[in-house]
Amino acid sequence: MHPAVAVGLVFGGCCSNVVFLELLARQFPGCGNIVTFSQFLFIAVEGFIFETNFGRKKPAIPIRYYLTMVAMFFTVSVVNNYALNLNIAMPLHMIFRSGSLIASMALGIIILKKRYSVSKYMSIALVSMGIFTCTFMSAKQVASDSSLNEEDGLQVFLWWLLGIAALTFALLMSARMGIFQETLYKRFGKHSKEALFYNHALPLPGFLLLAPNIYHHAVLFSQSEPFQVPVIGLTLPIMWFYLLMNVITQYVCIRGVFILTTECTSLTVTLVVTLRKFVSLIFSILYFHNPFTAWHWLGTAFVFMGTLMYTEVWNSLGPFLARWRRRSKEE
């Protein structure tokens with residue numbers, strides 16, 4: 001498949017997914033569990049059919065390693081979604097998760113004993129500064145909410161602090177999972193589609209612990225206003241339509257990233273995913289009118305400038321610009 005098609009899948013799928021997630025979270029902030037369960041179930045069924053050939057294909061990586069990976073992956077997914085129920089706005093949620101470079105570098109130094117160049121440390125400093133700026137300004141907004149009395153305002157602020165702690169934990173756990181995957185791939189080879197299936201299939205029994213919450217939101221979704229799906233004319237509750245579109249776009253997003261990793265360099269993949277996050281952030285702010293001050297914009301700029309510096313995209317653009325200048329002079 002042409003890389004341009006994969007880039008289109010990433011931007012179209014991931015950006016659309018954020019929109020439908022916010023439509024769901026705005027109506028029912030605690031619906032993260034049913035969203036995560038639906039995504040896992042869909043990808044697991046698809047992988048069971050097309051990747052494992054209905055269970056007949058044996059995994060290249062032993063199941064015991066996938067169980068460890070799945071425990072991390074399941075925890076990260078649930079905690080990230082639950083943070084939306086702790087007074088964490090979607091833009092801050094997206095920006096905070098963009099700080100994965102910080103966690104990955106820190107754990108890489110501690111666990112893998114890696115050493116990085118000065119530019120890498122500078123990029124991490126920019127990302128850290130950006131996240132601190134956005135977090136601090138959001139804290140001020142929560143604490144100064146004039147619609148709440150002092151006692152309620154304190155309670156909301158404490159829940160917000162718990163949300164920040166949850167995001168921090170998920171960030172570190174995600175980085176640890178990345179290091180674990182890296183060691184597995186070095187030992188057994190890269191099997192991304194297989195890992196995608198087992199990461200989504202093995203956690204499914206764990207959702208039994210969340211069954212009451214999932215059932216509760218399923219009932220709430222069924223009671224939402226009816227919506228007629230364009231083209232096919234099918235009528236169903238609008239929240240179920242949003243959930244269906246969220247699941248489909250999540251699958252398109254993940255598949256797009258997978259195709260991109262097979263067609264392009266890791267630098268290109270990182271750059272595309274970073275730009276996708278930025279586009280999603282802009283759209284979320286403009287379309288949903290999320291509160292975003294000039295300080296938030298400055299913090300966002302720091303996060304994405306630091307991410308681009310980390311990928312060394314400027315070094316890659318240098319030779320291209322030099323060739324372009326030479327051609328311009330020759331003409």
Between atom [atom1] of [X] and atom [atom2] of [Y], what is the distance when rounded to the nearest 0.5 Å?
| X | Y | atom1 | atom2 | value |
| --- | --- | --- | --- | --- |
| T249 | L9 | OG1 | CG | 12.0 Å |
| I34 | L41 | CD1 | CG | 11.0 Å |
| Q250 | L243 | CD | CG | 11.5 Å |
| L184 | M177 | CG | CE | 11.5 Å |
| L209 | I214 | CG | CD1 | 9.5 Å |
| L236 | S224 | CG | OG | 8.0 Å |

Check the hydrophobic clustering (I, L, V, M, F, W, Y; side-chain heavy atoms under 4.5 Å; chains of links allowed) and say if [X] and [Y] are grouped together.
| X | Y | value |
| --- | --- | --- |
| V79 | L24 | yes |
| L23 | M239 | yes |
| W159 | F169 | no |
| F227 | V219 | no |
| L234 | F20 | yes |

Can you tell me if [X] uses its side chain to pair, donor with acceptor, with the backbone of [Y] under 3.5 Å?
| X | Y | answer |
| --- | --- | --- |
| S174 | A170 | no |
| S16 | G13 | no |
| E51 | F197 | no |
| H216 | P212 | no |
| H217 | G30 | yes |

Are T68 and F180 close enough, and set up right, to give a side chain to side chain contact (heavy atoms under 4.5 Å, CB included), and what steps lead you there? CA-CA 9 Å; T68 303; F180 184 71; 3.9 Å; yes
Checking F241, F28, Y215 against F221 for ring-ring contact (aromatic ring centres under 6.0 Å, His included), the one that qualifies is F28
Quick one: do R187 and T183 satisfy side chain to side chain contact (heavy atoms under 4.5 Å, CB included)? Show the steps, please.
CA-CA 6 Å; R187 181 176 176 183; T183 57; over 6 Å; no
How far apart are the closest heavy atoms of [X] and [Y], and which atoms are they?
| X | Y | value |
| --- | --- | --- |
| G163 | A83 | O-CB, 4.3 Å |
| I111 | I179 | CD1-CD1, 4.3 Å |
| I63 | P59 | CD1-CG, 3.9 Å |
| G55 | F48 | N-CE1, 3.5 Å |
| R56 | N53 | NH2-OD1, 3.1 Å |
| I61 | G189 | CD1-O, 4.4 Å |

Non-hydrogen side-chain atoms of [X] and [Y] separated by less than 4.5 Å:
| X | Y | value |
| --- | --- | --- |
| F54 | I49 | yes |
| E194 | Y66 | yes |
| N246 | N17 | yes |
| F207 | N33 | no |
| L167 | N80 | yes |
| M69 | Y65 | no |

Q: Carefully, step by step, assess L204 and F40 under the rule side chain to side chain contact (heavy atoms under 4.5 Å, CB included).
A: CA-CA 7 Å; L204 288 178; F40 276 46; 3.9 Å; yes
